[in-house]
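What follows is a single structure, written as C-alpha cells, with notes after it.
Here the structure is a predicted model, which is why all the values come from computation and not from measurement. Below, read A as the first sequence line, B as the second, and so on, with proteins coming before strands; counting in each chain starts at 1.
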Number of protein chains: 2
Amino acid sequence: MARNILVVEDDQNIANLIRMYLEKEGFEVRHAADGAQAIEQFNAKKPDMMLLDIMLPVMDGWSVCAKVRETSKLPIIMLTAKSEVYDRIQGLEMGADDYLVKPFEMKELIARINAVLRRTEIPEDTKKRLAFDKLIINLDSYELIVDGQRVDTPPKELELLYHLASSPNHVYTRNQLLDEVWGFDYFGDSRTVDVHIKRLREKVENVSDEWELKTVWGVGYKFELK
Amino acid sequence: MARNILVVEDDQNIANLIRMYLEKEGFEVRHAADGAQAIEQFNAKKPDMMLLDIMLPVMDGWSVCAKVRETSKLPIIMLTAKSEVYDRIQGLEMGADDYLVKPFEMKELIARINAVLRRTEIPEDTKKRLAFDKLIINLDSYELIVDGQRVDTPPKELELLYHLASSPNHVYTRNQLLDEVWGFDYFGDSRTVDVHIKRLREKVENVSDEWELKTVWGVGYKFELK
DNA sequence: TGCATATTTTACAGATTGTTCAAAACAAAG
DNA sequence: CTTTGTTTTGAACAATCTGTAAAATATGCA
C-alpha cells in the first residue's frame, strides 16, 4: 500500500520538485497551496504524513499543525526557511515530528520521511498492551489488571511498570528509568523510582510465580520472567 | 560500561550545558576547547564518539574530522552554526556521521547521539552475554547461571567474571582489571582483585573441566578455556 | 631445605545501596 | 478556593557489598 503524503507548500516550483521525488520513491502525493486548503484536504482524506511549509498564505504552518493536532497524531515534518531556535521550539511544542531547514536536499528529505514514518508506525501487535500470567498492562486505556481484577494505578506507576515489563529480564538503572519514563529533561532524585517500585509491588506482589519485580543490587530493577 | 564522549567546543557555556545533559544520560564526558586539544585527547584515550564544533580556534572542525579519519572510524557528529547545504556536504565527505545545526535542542542532540551509537554498534542481545560449558554470564539481566542453576552474584563480581571470560585465555594483571572493571579513576589496593576472584571461585569452581579461573603466578588471572 | 615473594583465605568495619515511612509539593477536579 | 489524589522529597533504618588488613598457605629459586 503506497503511503500518502500531503505536501503543503505555496511555491509551485518547490511543490512540483518535491512531488517528483516523492513519487519516484513510491509515495502517493497530494498538494495544498495554503493553510486552509491543507485543513480541507486533511479532513477530506487522512494522509499518512504531512510535509508542512511554515510560510503559507491564509493560515501559517504553525496554525495548521496545531489544528491538525487537535484531532490527530499524524506525523508532520515542518519545512522552514528560518533556522532560528525559536521556530524549532515552537514547532516542537506544536507537535511537529521533525524539521527541515530550506534549502534542503531531496536525499535528506526522503531519509527524514522514512525515519518519521518508521518512528510513528505502530504495528497492530505492538500496541500498548502487555500480558503476562495474571497480569495485563494496558497503556492504551491506562488500566492494570491483576488476576482478573482491575487495580487503580496512577499513571506514572503504570508507565514505569509498562516500561520494565516491555523488556523482561533487562536490568534498568534508576537513571535510565528516569530518562525513559519521566523524560530526559527531568532532573529529579532517583529515590523517586524506588518509591514507585514499592507502590507497584504492593499492587502486584505474589500474584504469580511466573514473573517478579526484582531489585538488582548495585544496578537497578528488572521485570523478571521465569 | 559508560560510553565516553569527547565534546570539542570552544564556547564554555555551550560545552557545560552539553556536558550536563550527557552526564545525566549516563555518558562519560571529556572536553576539548580547540582542535589541537581535541586531537591530543583523542590520542590519549579513544572515546566512543566525538561531538565536534566546526568553528574552532587553532584547527577547525573539518581538519579535526579529517585527521581522526586517518586512523579511525570513530562516530562523529558535527555541530555547526551555519545551515548552508555546502557545509553539510563538505562535512559528509569528510566522513562525519551526522549533523546538527546550532542552535539545537538537547532532545535532538541526545536522539542523534543514540541513533549514531546504535548504528555503529553491535545488537544488544549478542553483546552482553557469554556462554560456556555449564556457565552463562549475562550482563544484561545481571545473572550468573552455573550448571543450570541461578547463582546470586554481586555486580562487581559478575562484571569481573564477564571481563575475564570475554577474552578467554588472555591474562590480565590486577592493575588492568582494576582499570577496566573498576574504572581508571579507581585508586585501590590490588589485593581487592584477589578477594573477588576468591569469591567467584566459590561460586564457579569445579563445575566444568572445559574452563577454569586460573592464576598466572607473578602476573595475574585468566579465564582459561581448554 | 629454607627464604623471599606471591597468593589465598578469613574476618571485620565501613561504605554503599535499598526500603520504607511520612510529610511536603504539586496538579487536577469539583 | 477547597478537596482529593498523585508525585516527589527527605530521613531513618536495614540489608548487602566491598575493601583492607593480617594470618595462612603456596610457589619459585638458590
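- Without hydrogens or angle criteria, Asn138(A) side chain to Arg129(A) main chain gives no donor-acceptor distance under 3.5 Å.
- Rounded to an integer number of Å, the gap from Lys156(A) NZ to dT9(D) C1' is 16 Å.
- Taking atom NZ on Lys214(B) and atom P on dA26(D), their separation rounds to 17 Å, with Å as the unit.
- Atom NE2 of His196(A) and atom C1' of dG18(C) are 17 Å apart (whole Å).
- Under 4.0 angstrom from either OP1 or OP2 of dT7(D) there lies no side-chain N or O belonging to Tyr186(A).
- A distance-only check finds no donor-acceptor pair linking the side chain of Asp189(B) to the backbone of Thr192(B) [under 3.5 Å].
- One can place CG of Asp152(B) at 15 Å from P of dG18(C), the figure rounded to the nearest angstrom.
- What separates CH2 of Trp182(B) from P of dC17(D) is a distance of 15 Å, to the nearest Å.
- Taking the six-membered ring for Trp and the full ring otherwise, the centers of Trp182(B) and His163(B) sit at least 6.0 Å from each other.
- Taking atom CG of residue Asp189(A) and atom C1' of nucleotide dA25(C), one finds them 15 Å apart after rounding to whole Å.
- Between Phe223(A) and Phe132(A), the angle of the ring planes lies from 30° to 60°, which puts this pair in the tilted group.
- Here dG5(D) presents its P atom at 14 Å from CD of Glu157(A), a figure rounded to the nearest Å.
- More than 12 heavy-atom neighbours from other residues, nucleotides or ligands sit within 6.0 angstrom of OH on Tyr186(B).
- Salt bridge annotation for Glu28(B)-Arg3(B): absent, with no cationic side-chain nitrogen under 4.0 angstrom from a carboxylate oxygen.
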If the sugar-phosphate is the primed atoms plus P, OP1 and OP2 and the base is the rest, what is the B/S/- string for nucleotides 6-13 of chain C, using protein heavy atoms under 4.0 Å? SBBSBB--
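- With sequence neighbours left out, the side chain to side chain donor-acceptor pair (under 3.5 Å) criterion links Lys203(A) to Glu157(A).
- Following rounding to the nearest Å, Leu177(A) (CG) and dG18(C) (C1') show an atom-to-atom distance of 15 Å.
- Across its full length, the helix from dT1(C)-dA30(D) to dG30(C)-dC1(D) shows an angle of 40° between the axes of its 5 terminal pairs at either end, rounded to 10 degrees.
- When all heavy atoms of Leu56(B) and Asp10(B) are compared, the closest pair comes out as CD2-N, 3.9 Å.
- For the pair Glu212(A) (side chain) and Lys214(A) (backbone), a donor-acceptor distance under 3.5 Å is absent.
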